[in-house]
Amino acid sequence: MITGKITRISGPIVYAEGLEKCGLYDVVDVGEKKLIGEIIRQSEGKATIQVYEDVTGMHVGEQVVSSERPLSLKLGPGLVGTIYDGIQRPLKEMYEDGGVFLLPGQRTEPIDNKKKWEFIPAAHPSDGKEMCEGFSIAPGMVLGTVQETGSIVHKIMVPPTIRGRVLKTLAGKGSYTIDETIATTELGENISMSQYWPLRKPRPFSQKLEVSQPLVTGLRVIDVFFPLSKGGTAAIPGGFGTGKTMTQHAIAKWCDADLIVYIGCGERGNEMTDVLTEFPTLIDPRTGRSLMERTILIANTSNMPVAAREVSLYSGITLAEYYRDMGMHVAIMADSTSRWAEALRELSGRMEEMPAEEGYPAYLPTRLAEFYERAGRVNSLCGKEGSVSVIGAVSPAGGDFSEPVTQHTKRFIRCFWALDRELANARHYPAIGWIDSYSEYAAEIKGWWDKFDPRWSAIRVQALDLLKREQRLQQIVRLIGADALPDSDRLILTVCEMIKNGFLQQNAFDSIDAYAVPEKQVNILLLMMTFYEKALKVIKSGCPLLKVTELPVRNEIIRAKSEIPNDKLDELTTIQNHLDDQMAELERMYRKDVAL
């Protein structure tokens, strides 16, 4: 145990002497109340400590005690369904112990160490026989499984730090707590169902893989126009009230990830309260069980100590990597990285560092890169494929996308869902603008879509091109009015209005429209593109636009999103037949006489 004393206090930054033998990022107990802190700098015999709790009342001369280990998370069965703060303190247990306010220095076990879990030994990957004494092992190998929740099977893995390669003992099938020894190696190392891992250090894997599968969210504007792959990175920038949190909620509920890690990083208390009260009541559409059975929440509101906000992102990504190593596809919702960057700015100012643009530290891009680069699709040490997909919300002041956090984030993500203030004010949900948004994953996931529906790529490009042409036409309309345009251009305005109302806009509270399966998404957009092609043909034959817009099938196409359930897609074929018949009738009426 290494002991020092406080020499200076500057908000959440504390300076201490006597800690020269401590390592960088070691955890320390600061002051009489034993607040949790972390050494973030060592220089000339003085340590700079980042304190993760309220330092009110602390004074110079108080003792600082080092634990001689880095800031780490305890990983094991019992994580899923728990609500933590930024440094893995379970808030429910903290409330039961100390009331509604977090007490300085209050500690509790991150995972229930008294609950017994039913452990079932796994089969050895070499011969399929049940694991037992004398079998060879390696870091990441699965020793057994535990049914953590109704939706999650937790794999008990050999920790990456274990040096032994042979099992000396292995517990049989039975009930054990997370701290009981279930296995030992020939070197005398004990293995339990829990392990510690430094949260600032990425967990190892055997191979990084190319992304090739989309993260299906059920939101049509994302899945078809701006897709995100499993193992990809995305940002949702937008001003206050544009729907960042609601969009992340929808993705968390409907996406086909095996596990959700939701990080409320510096958000307002009422927004985080909505998450904490809503998520336990939501039903997972894939299993019919509570969504919390595949969710971990990290709640770090804006009135909590700013230093804990800085570390909450690393806590979330470490939890995600742990379940990725089991062969799961994990999605992280970080809301919001702007608040996290503001914490970096305050801590940097307290340490009197030279500021960069808008007061943010010069190492802001590096920290953002460290976070986003821990996403990816990998072959884990246990031989299973897993992925971590990161979706970070950005909250630029006034919706200004030129501010530093948004601009630096764009350097490290490949999917940009820009929220549009005008769409949000028009109650268009999700308010993802189709002009400023982009996705670089379309080419990688094209193979998946080709097997599913090869028409996806072509109609996606065609629809996006039509929307861009519509934007240019709107500028002309503002000057001279729509009546001055030829019918072919006015048709573009009409079809784009159909795309906006009948495809891009969704109703999150409608049981049919809240989620659309990929097949329904493609077929609805295909109907609209077919409508455009056939209408353009008859207009060139002399048919007035009014006749086209009065066709009953036009409203059928628009209403298909909310009237045709995902399990009754045959009805879309009926609409296609109506479209063919009604357009054929117009074509017969206005077919030009070739002889003339």
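These figures come from a predicted structure and were not determined experimentally. Computed over heavy atoms, backbone and side chain alike; hydrogens, waters and symmetry mates excluded.
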**Item:** Steps toward side chain to side chain donor-acceptor pair (under 3.5 Å) verdict (Asp179, Thr177)
**Value:** CA-CA 6 Å; Asp179 294 331; Thr177 63; 5.8 Å; no
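- Side chain of Ser315 to main chain of Gly86: a donor-acceptor pair is present (N/O by atom type, distance under 3.5 Å, no hydrogens or angles).
- Between Lys244 and Trp417, the closest side-chain pair of non-hydrogen atoms is not below 4.5 Å.
- Note on Lys173 versus Glu130: no salt bridge recorded, every NZ/NE/NH1/NH2 to OD/OE distance being 4.0 Å or above.
- A donor-acceptor contact shorter than 3.5 Å links the side chain of Ser72 to the backbone of Pro70.
- Although no hydrogens or angles enter the test, the distance criterion places no donor-acceptor pair under 3.5 Å between the side chain of Thr295 and the main chain of Gly81.
- Salt bridge absent: Asp97 and Arg89 never bring a charged side-chain N and a carboxylate O closer than 4.0 Å.
- Partner of Ser387 under the side-chain hydrogen bond (donor to acceptor under 3.5 Å, both in side chains) criterion, out of His329, Gln213, Lys230: His329 alone.
- The CG atom of Leu319 sits 10.0 Å away from the CZ atom of Arg203 when rounded to the nearest 0.5 Å.
- Between Asp284 and Glu293 the shortest side-chain heavy-atom distance does not fall below 4.5 Å.
- Side-chain atoms of Glu17 do not come within 3.5 Å of backbone N or O of Thr7 as any donor-acceptor pair.
- Between atom CZ of residue Arg350 and atom OG1 of residue Thr48 there is a gap of 14.0 Å, rounded to the nearest 0.5 Å.
- Side-chain atoms of Val388 and Arg374, non-hydrogen and from C-beta on, never get closer than 4.5 Å to each other.
- Sequence neighbours left out, the pairs with a member in residues 354-372 that pass salt bridge (Lys or Arg N to Asp or Glu O under 4.0 Å) are Glu310-Arg367.
- At least one side-chain heavy atom of Trp197 sits under 4.5 Å from a side-chain heavy atom of Pro160.
- Using a 4.5 Å heavy-atom cutoff, the side chains of Glu32 and His59 are in contact.
- With a 4.5 Å cut-off on side-chain heavy atoms, Glu148 and Tyr323 count as touching.
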**Prompt:** What's the verdict on side chain to side chain contact (heavy atoms under 4.5 Å, CB included) for Leu347 and Glu353, showing C-alpha distance, side-chain angles and the deciding distance?
**Reply:** CA-CA 9 Å; Leu347 294 171; Glu353 296 174 335; over 6 Å; no
**Asked** salt bridge (Lys or Arg N to Asp or Glu O under 4.0 Å) between Lys114 and Glu93: does it pass, once the steps are laid out?
**Response** CA-CA 14 Å; Lys114 296 179 181 178; Glu93 286 73 11; over 6 Å; no
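- Below 30°, between 30° and 60°, or above 60°: for Trp340 and Phe371 the angle between ring planes is between 30° and 60°, a tilted geometry.
- Side-chain atoms of Ile111 and Pro77, non-hydrogen and from C-beta on, never get closer than 4.5 Å to each other.
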**Message:** With side chain to side chain contact (heavy atoms under 4.5 Å, CB included) as the criterion, how do Ile36 and Arg107 come out once you've worked through the C-alpha distance, each side chain's angles and the decisive distance to 0.1 Å?
**Reply:** CA-CA 9 Å; Ile36 298 175; Arg107 310 282 178 89; 3.4 Å; yes
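- The number of heavy-atom neighbours closer than 6.0 Å to OH of Tyr363, taken from other residues, nucleotides and ligands shown, is above 12.
- Under the 30°/60° scheme for interplanar angles, the aromatic rings of Tyr322 and His154 are found to be tilted.
- With hydrogens and angles left out, the side-chain atoms of Asn379 and Ser206 include no donor and acceptor closer than 3.5 Å.
- In this structure, CG on Leu313 lies 5.0 Å from CD1 on Ile263, to the nearest 0.5 angstrom.
- The distance from the CD1 atom of Ile236 to the CE atom of Met246 is 12.5 Å, given to the nearest 0.5 Å.
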**Request:** Quick one: do Val30 and Glu62 satisfy side chain to side chain contact (heavy atoms under 4.5 Å, CB included)? Show the steps, please.
**Result:** CA-CA 8 Å; Val30 184; Glu62 291 189 38; over 6 Å; no
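- Residues Arg165 and Glu186 are not paired through a salt bridge, judged by the lack of any N-O separation under 4.0 Å between the basic side chain and the carboxylate.
- The neighbour count for Lys116 NZ, taken as heavy atoms of other residues, nucleotides or ligands under 6.0 Å away, is above 12.
- Counted within 6.0 Å of NZ on Lys208, heavy atoms from surrounding residues, nucleotides or ligands total more than 12; the atom is thus considered enclosed.
- Note that CG of Asn300 is 7.0 Å distant from CZ of Arg309, once rounded to the nearest 0.5 Å.
- Using a 4.5 Å cut-off on side-chain heavy atoms (C-beta onward), Ser67 and Asp29 make no contact.
- Within a 6.0 Å sphere centred on CD of Glu210, other residues, nucleotides and ligands contribute 12 heavy atoms or fewer.
- To the nearest 0.5 Å, atom CD1 of residue Ile182 and atom OG of residue Ser192 are 7.0 Å apart.
- The side-chain contact (heavy atoms from CB on, under 4.5 Å) search around Ser439 returns Phe226, Pro227, Cys415, Tyr441, not counting sequence neighbours.
- Taking a cutoff of 4.0 Å between a charged side-chain nitrogen and a carboxylate oxygen, Glu109 and Lys74 qualify as a salt bridge.
- Both the sub-6.0 Å distance and the 45° axial angle are satisfied by Arg69 relative to the ring of Tyr196.
- Considering Leu143, Val142, Leu170 as possible partners of Ile137, the one that fulfils the side-chain contact (heavy atoms from CB on, under 4.5 Å) test is Leu143.
- Salt-bridge formation is detected for the pair Glu444/Arg414: a Lys NZ or Arg NE/NH1/NH2 atom is positioned less than 4.0 Å from an Asp or Glu carboxylate oxygen.
- Partner of Pro90 under the side-chain contact (heavy atoms from CB on, under 4.5 Å) criterion, chosen from Ile83, Asp85, Thr108, Leu79: Thr108.
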